[in-house]
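Reading through the structure tokens given below for one structure.
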Amino acid sequence: MKKIAIKGPIIDDQTGEFMTMFGADSYAYPSKLAKDLKDAGGDDVVLEINSPGGYTSSGAEMYTALKEYSGKIEAHIVGEADSAGSFVAMSADKVLMSPMAMMMIHRASGGNQGTSTDMQSTAQALDELDQNIVNAYVAKTGKSKEDIYQLMQKTTWMNAETAVKNGFADGLMEFDDTRSDQVQEPAFVNAAIPIPHLKDDMIEKLKAFIESQKTDDVDKTTQENTNKKITKTELVNHKLGLLFGGK
């Protein structure tokens with residue numbers, strides 16, 4: 001089975017593709033997943049998930065793409081599947097978790113500014129979004145919408161065994177115990193992971209700057225090559241002058 005990694009925060013396409021230009025590949029976004037699924041060509045795939053979540057719209061697009069994929073999908077949660085990362089995992093035909101993995105589900109969150117009507121509209125949008133997320137969990141677990149909503153309401157963390165018990169995962173990943181003499185201690189961290197988002201005008205300015213640097217490098221290289229040619233020509237003329245009695 002082919003492996004597709006969903007690692008890091010889930011962000012939008014524009015920010016993700018921009019970050020990739022600088023070699024920052026520790027993000028997940030829809031167009032990246034779409035390319036990986038296209039390369040898989042309908043073969044069965046394993047999703048390796050370790051994500052703290054991110055933008056719900058990007059997560060929804062990824063969930064849909066995985067649901068539409070023609071091959072079988074088996075999700076392996078190797079670190080964490082939190083928030084949007086958890087409902088992306090729900091798209092798989094089978095979900096397995098590492099004994100060290102965690103999953104977290106909660107209600108959608110967001111912000112806005114403006115009038116009281118704007119605030120009411122934002123609250124209504126978040127309520128609708130919650131219902132979408134509830135439906136994804138219900139489809140996987142078979143639990144009632146009320147039970148799922150209560151779990152989301154109080155922000156529920158689950159280790160692998162708890163996730164299996166509640167139907168969010170189908171089982172635990174199995175490992176080769178013949179290497180039991182190679183003990184690896186798990187690393188833990190307590191940190192908030194920011195989700196990067198660059199404004200359109202900032203992205204365009206940085207792209208223009210990068211292109212200008214490329215042009216400067218080409219001009220500099222051309223000038224250096226020209227100088228080298230002049231220097232070589234002068235050297236040849238000098239040697240010919242010495243040979244024929246000139247200066």
> Can any side-chain N or O of Asn166 pair as donor or acceptor with the backbone N or O of Thr162 at less than 3.5 Å?
Replying inline: yes
Does a donor on one side chain and an acceptor on the other come within less than 3.5 Å for [X] and [Y]?
X      : Y      : result
Thr20  : Tyr27  : no
Ser98  : His76  : no
Tyr149 : Ser144 : no

Closest heavy-atom pair and its distance - [X], [Y]:
X      : Y      : answer
Ala89  : Ala75  : O-CB, 4.3 Å
Gly71  : Asp93  : O-OD2, 4.2 Å
Ser51  : Gly8   : OG-O, 2.8 Å
Pro99  : Ala160 : CA-CB, 4.2 Å
Ala136 : Phe87  : CB-CB, 4.4 Å
Ile6   : Ala28  : CG2-CB, 3.8 Å

With rounding to the nearest 0.5 Å, note down the distance linking [atom1] in [X] to [atom2] in [Y].
X      : Y      : atom1 : atom2 : value
Glu61  : Ser58  : CD    : OG    : 6.5 Å
Ile148 : Met152 : CD1   : CE    : 8.5 Å
Met62  : Lys32  : CE    : NZ    : 9.0 Å
Asn112 : Ser121 : CG    : OG    : 7.5 Å
Met97  : Leu172 : CE    : CG    : 7.5 Å
Asn135 : Met90  : CG    : CE    : 14.0 Å

Residues Leu47, Leu66; criterion side chain to side chain contact (heavy atoms under 4.5 Å, CB included); working and verdict = CA-CA 10 Å; Leu47 290 179; Leu66 290 164; 3.7 Å; yes
Are [X] and [Y] linked, directly or through other ILVMFWY residues, by side chains that come within less than 4.5 angstrom of each other?
X      : Y      : result
Tyr29  : Met19  : yes
Leu126 : Ile133 : no
Met104 : Tyr55  : no
Leu96  : Val46  : no
Val164 : Met158 : no

Discussion item. Run the side chain to side chain contact (heavy atoms under 4.5 Å, CB included) test on Val95 and Ile77 for me, step by step, so that the C-alpha distance in whole Å, both residues' side-chain angles and the decisive distance to 0.1 Å come before the verdict.
Written reply: CA-CA 8 Å; Val95 179; Ile77 301 175; 3.9 Å; yes
Validation row: [X], [Y] side chains within 4.5 angstrom (heavy atoms):
X      : Y      : value
Thr156 : His106 : no
Met1   : Val45  : no
Asp44  : Lys2   : no
Met103 : Trp157 : no
Pro9   : Pro52  : yes
Glu48  : Ile4   : no
Ile73  : Tyr69  : yes

- request: Go through Phe168 and Lys140 one step at a time and tell me if the side chain to side chain contact (heavy atoms under 4.5 Å, CB included) criterion holds.
  value: CA-CA 6 Å; Phe168 290 91; Lys140 175 62 181 177; 5.6 Å; no
Between Ser31 and the options Asp12, Asp36, Asp13, the side-chain hydrogen bond (donor to acceptor under 3.5 Å, both in side chains) test singles out Asp13
**Prompt:** Is any side-chain N of the basic residue among Arg107 and Asp130 closer than 4.0 Å to the acidic one's carboxylate O?
**Reply:** yes
- Task: Begin from the C-alpha positions of Tyr137 and Ile105 and carry the test side chain to side chain contact (heavy atoms under 4.5 Å, CB included) through to its verdict.
- Result: CA-CA 9 Å; Tyr137 294 138; Ile105 66 173; 3.4 Å; yes
How about CD on Gln153, more than 12 heavy atoms from neighbouring residues, nucleotides or ligands closer than 6.0 Å, or not? yes
